[in-house]
Protein chains: 2
Amino acid sequence: MPTMTAAQQREQAKLAYDSFLAECPSRQLLDRLSDKWVALVLAALADEGTMRYSQLARRLAGVSQKMLTQTLRALERDGLVTRTVTPTVPVTVDYDLTPLGASLQVVVRQVKVWAEAHMDDVRSARDAYDARGA
Amino acid sequence: MPTMTAAQQREQAKLAYDSFLAECPSRQLLDRLSDKWVALVLAALADEGTMRYSQLARRLAGVSQKMLTQTLRALERDGLVTRTVTPTVPVTVDYDLTPLGASLQVVVRQVKVWAEAHMDDVRSARDAYDARGA
DNA sequence: CGGGATCCGCACGGATACTG
DNA sequence: CAGTATCCGTGCGGATCCCG
């Protein structure tokens, strides 16, 4: 199976020079937060509480169902959200933050707070930089 | 310069369907932090203080010079780091955190702290999830 | 309604070569 | 030493179709 072989080779190569990076647990968490939608899902659930799949899709307008599902699966796997299936006539699925997810959301929210507080500074720095470059 | 045109086109396109998202300043900041290397550069500069290009390249071992340069340019543009060129025999370039960059780093570090504190929980949740799936 | 499976474009990022 | 320019593979993410 050449497909697996190629994938395995990549992982092997990664492990070779990433050994010291892999040791750091924060690295994996940062990668997880890099998933663009993770922070938004966390924020949405923190604001609204329990939400259904379609509610999340609407709240994060712009996300594809593939990405939303993928994000929710990852969060569920990491124990940050719960997924509750209720076998009603059309299936109902509720998502909610776990205590662990809630605690992470508090930290992530601090980043949001920083952004809202300093975005003007960043914006003016950006303008100044662009002015010099032109 | 077609390079700039391409970049501008992307921003234009984004603004078209992201209008309501673009309103939120935290969105742009989150995207910036998604750049995988941003947090690492911030952390490195916070730990070591002033660093030269080659020092950063070694500290973040695994990053390509393309990504490192790109990341540093973005951080400089946003006023988070300073770039100082000293015209010695071989050119010397020093990078350092601005007060703004330092304040952001404090927040980002909290995420790192959370990760180190809860990574065990995440890991066990992950194992449990995988065990169910198998 | 809440997804899984599949196809596919293209932009993201690595490798290489060259410059001041 | 500290980049810039170029080429190129691939994996991320959107679109579409289908299922329970």
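Letters A, B, ... mirror the listed sequences (proteins, then strands); counts begin at 1.
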Dump every N/O contact between nucleotides 15-20 of chain D and the protein below 3.5 Å, one line per pair.
from	atom 1	to	atom 2	distance (Å)
D/dT16	O4	A/Gln65	NE2	3.1

query = Between A/Val93 and B/Ser34, which has a closest nucleotide on DNA chain C that is more 5'?
reply = A/Val93

Whole-Å distance between [N] [atom2] and [X] [atom1]?
{"X": "B/Arg83", "N": "D/dT4", "atom1": "CZ", "atom2": "C1'", "result": "12 Å"}
{"X": "A/Met67", "N": "C/dG2", "atom1": "CE", "atom2": "C1'", "result": "16 Å"}
{"X": "B/Lys36", "N": "D/dC12", "atom1": "NZ", "atom2": "P", "result": "11 Å"}
{"X": "B/Leu72", "N": "C/dG13", "atom1": "CG", "atom2": "C1'", "result": "16 Å"}
{"X": "A/Asp35", "N": "D/dG14", "atom1": "CG", "atom2": "P", "result": "12 Å"}
{"X": "B/Gln70", "N": "D/dT6", "atom1": "CD", "atom2": "C1'", "result": "15 Å"}
{"X": "A/Glu76", "N": "C/dG2", "atom1": "CD", "atom2": "P", "result": "15 Å"}
{"X": "B/Arg73", "N": "D/dT4", "atom1": "CZ", "atom2": "C1'", "result": "9 Å"}

At under 4.0 Å, does any side-chain N or O of [X] touch on OP1 or OP2 of [N]?
{"X": "B/Tyr53", "N": "D/dT4", "value": "no"}
{"X": "A/Arg52", "N": "C/dC1", "value": "no"}
{"X": "B/Thr69", "N": "D/dA2", "value": "no"}

Do side-chain atoms of [X] reach the backbone of [Y] as a donor and acceptor pair under 3.5 angstrom?
{"X": "B/Thr92", "Y": "B/Thr88", "answer": "no"}
{"X": "B/Thr71", "Y": "B/Met67", "answer": "yes"}
{"X": "A/Gln55", "Y": "A/Arg52", "answer": "yes"}

task = Please determine, by modelled atom types, if A/Thr50 and A/Asp96 share a side-chain donor-acceptor pair under 3.5 angstrom.
result = yes

task = Verify the distance criterion only: is there a donor paired with an acceptor across the side chains of B/Tyr53 and B/Thr69 at less than 3.5 Å?
result =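 Their side chains do contain a donor-acceptor pair, which is all the 3.5 Å distance test asks for.
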
request  = To the nearest 0.5 Å, tell me how far A/Arg126 CZ sits from A/Asp121 CG.
outcome  =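 Going from CZ on A/Arg126 over to CG on A/Asp121, the span is 12.0 Å.
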
message = Do B/Tyr95 and B/Val91 land in one hydrophobic cluster if side-chain heavy atoms of ILVMFWY residues count as linked below 4.5 Å?
response =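 In one cluster with B/Tyr95: B/Val91, yes.
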
